[in-house]
Protein chains: 2
Amino acid sequence: MYLFTNSEGNIILESVKIPESTIERLAIYLRKIEELYDKGYSIISSEKLANVCKVNPAQIRKDLSYFGEFGVRGVGYEISELMREIKRILDTGRVWRLALVGVGNIGSAILRHKNFYKRGYNFIAAFDIDPQKIGREVIQGIKVQPMEELEDTVKRLNIEIGVITTPSTSAREVCRALVNAGIKAILNFSPIFLRSRKGCIVENMDFTIKLDNLAYHLCQLEGKNFSK
Amino acid sequence: MYLFTNSEGNIILESVKIPESTIERLAIYLRKIEELYDKGYSIISSEKLANVCKVNPAQIRKDLSYFGEFGVRGVGYEISELMREIKRILDTGRVWRLALVGVGNIGSAILRHKNFYKRGYNFIAAFDIDPQKIGREVIQGIKVQPMEELEDTVKRLNIEIGVITTPSTSAREVCRALVNAGIKAILNFSPIFLRSRKGCIVENMDFTIKLDNLAYHLCQLEGKNFSK
DNA sequence: GCCTGTGAATCCATTCACAGCT
DNA sequence: AGCTGTGAATGGATTCACAGGC
C-alpha cells in the first residue's frame, strides 16, 4: 500500500496496481507447483521455478511480492506454503458454482469435462432455448432448464460464474440475462466479443481468434511480410 | 521499414516490430467489420469502430498504420476495402489445413463445430491412441487414425496447423510428435503450458486459467484484498 | 470541418542489480 | 554464500495531440 495526500490534505490509501498478467502467471505457477508438490519436492528457488515456467526469475519474485513475502532469503520458497498462498490469492481451492448456457457440441463437452470439477469449478445448472433439449440430463445431476428459469435458479443456487456456449446470434442476449440475474463473472466461448462492464467481468475465449493469430505467424515464417 | 548502419558500416533493413496485441486486435476488428459489412454499411471512422470494439480510436489507426494507409482523411475507412486488407494481412480468407489429436469430449466437439470451417480452418485428419476410437468416422470424411500415421499423413496432406485436445499427460509428447512431423503452428487445449519454440508457434487455451482469473476478480469485487 | 496518420509523451510491465536477511 | 525482495532502469505498448489531406 502507498500513502498519498489528496487536494484537501487528507491522507488516502491506495493499493499497488497489480498487472493483469501477474494474475495469469500466478495461475500458471500454481499448476507447476502442484505438479512439483505431487512429485515430492519441498523447496524451490525463483530461478528453478522460472526455468520450468519459462519466465524471468525476477518476474516470479516481483509477482509474488505484490502479495507478501513468501520466501526465505538464501533458501527459496517452501512449495507447500507457496501453493497455499497462491491458492488463497486466487481464491481457488474453494468451490465455485457455475451455470452453463447453450448445451450444444461445445457446451456438453465442457459439462462432461473433468478438469473443471478437479479445479473447483462445479457446474450446477445448464440452460438452453431448444425445447428438444430441455429436461434432458446431460450429466449426472444436471437437467437442461429453459431460459425462463435462469434468473430464479441463479439466485436460488447462488451461482457465481456463467459460461456462454451459445451461437454468436444469442450471445449478447444471454450475457444480458446473466448480468440481470446477478452474475458477476462470465466466460464466453461464443465468437462475439463481450466486454466487461461495471460489476461483471467477462473473459472471452474465441478459438478462431487464436487460429487467426497462428495463421498470421505462419505467414511471417513463410517470409511473406506485409508490414511497412 | 527503418534503415540502420551496423558495426561494419553496412546499411541494414529492419521491419518495424509489430506488437502481438495488434495482431489479436486486427482479428477482433475483422469480425466487427464483417458484421457491419453484412448489415450494409460502407464507411466507418476509427472513432465509430473504436466504440463498437471498445478500444481507443488512435489504437485502431496505429494498428492499421503498421501495414499501410487504408483510410481517407476527412472521411474514414471504406468497409469492404478494410475487410479485404485485414484478411490479406492475417492471411485469413485462404483455407488452412488442420489436424486434431485427441478425440475425446472436447476434441469431437471441436471437430463438429461449424465456426472453424466457416473461417477457413478445415480439419482434414484426426488422431488418437485409443484403439476403440481408431477407424471411427467422427465427422463426414474424417476417420480417426492411430498416432503412428501422424507424420506420414501430415506430410502427405500438407497439414499446417495442429490442435491438441488430449489429456495433460500426453500433451507434451503429442506436441513433440507434431513438431517432428513438420507442423509449424499448434493450438493447445490441454492444461499443460506448452512453449513456442524456434520454428513452431504454440497458442495455449487452458480454460481453467481463465476461470482462475475470474475467481480472482470476483474476490476483488467482494472486497477481499490480499495485496499489500 | 472532419478524420486519418504519426511523432512525441505517457503509461505500464519487465528486467536489472543490489541491499538485506538466513 | 545464496537467494529473496525491491527501487531504479529499461523496454514496449497505448494514448495524446496535431500536421496533413480531403
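Values below: all heavy atoms of this structure, side chains included; hydrogens, waters and symmetry mates excluded. Proteins get letters first, then strands, A, B, ... in listed order; numbering begins at 1 in each. Values in this document were obtained by computation on a predicted structure and should not be read as measured data.
Considering only heavy atoms from C-beta on, Ser168(B) comes within 4.5 Å of Ile192(B) through its side chain. A 4.5 Å side-chain heavy-atom check between Glu78(B) and Ile44(B) finds every atom pair outside the cut-off.
Where Val75(A) and Arg61(A) meet DNA chain C, the nucleotide closest to each residue was compared, and Arg61(A) sits on the side nearer the 5' end.
No side-chain donor from either of Glu203(B) and His217(A) sits under 3.5 Å from a side-chain acceptor of the other.
Here the closest heavy-atom approach between residue Leu26(B) and residue Ile86(B) is recorded as O-CG2, 3.7 Å. Heavy atoms only, all atoms of each residue included: Thr208(A) and Tyr121(B) are closest at O-CE1, 4.3 Å.
As a whole-Å value, the separation of Glu69(B) CD from dC3(C) C1' is 13 Å. For Asp63(A) and dT4(D), the CG to C1' distance is 14 Å, given to the nearest whole Å. At whole-Å resolution of the value, CD in Glu24(A) and P in dT14(C) are 11 Å apart. Atom pair Phe70(B):CZ and dG5(C):P shows a separation of 9 Å (rounding to whole Å applied).
DNA chain D is contacted by Ser45(A), Ser46(A) of residues 44-52 of chain A, taking any non-hydrogen atom closer than 4.0 Å.
Here the straight-line distance linking atom CG of Asp63(A) with atom OH of Tyr66(A) works out to 7.0 Å at 0.5 Å rounding.
Checked against side-chain hydrogen bond (donor to acceptor under 3.5 Å, both in side chains), Glu34(B) has the following partners two or more places apart in sequence or in another chain: Arg119(B).
Of the candidate nucleotides dG20(C), dT4(C), dA17(C), dG20(C) has the atom nearest to the side chain of Arg73(A). Here the side chain of Asn56(B) is nearest to one of dT22(C), dT4(D), dC16(D), namely dC16(D). You'll find that the side chain of Lys62(B) is closest to dT6(C), out of dT6(C), dT4(D), dT14(C).
OP1 or OP2 of dG2(D) has not a single side-chain nitrogen or oxygen of Tyr77(A) nearer than 4.0 Å.
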*Please assess Glu24(A) against Asn213(B) for the test side chain to side chain donor-acceptor pair (under 3.5 Å), listing each intermediate value before the final yes or no.*
CA-CA 6 Å; Glu24(A) 199 133 332; Asn213(B) 248 286; 3.2 Å; yes

Pairwise N/O distances under 3.5 Å, protein to nucleotides 9-13 of chain C:
none

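Taking the six-membered ring for Trp and thresholds of 30 and 60 degrees, Phe207(B) and Phe189(B) have ring planes more than 60 degrees apart, a perpendicular arrangement.
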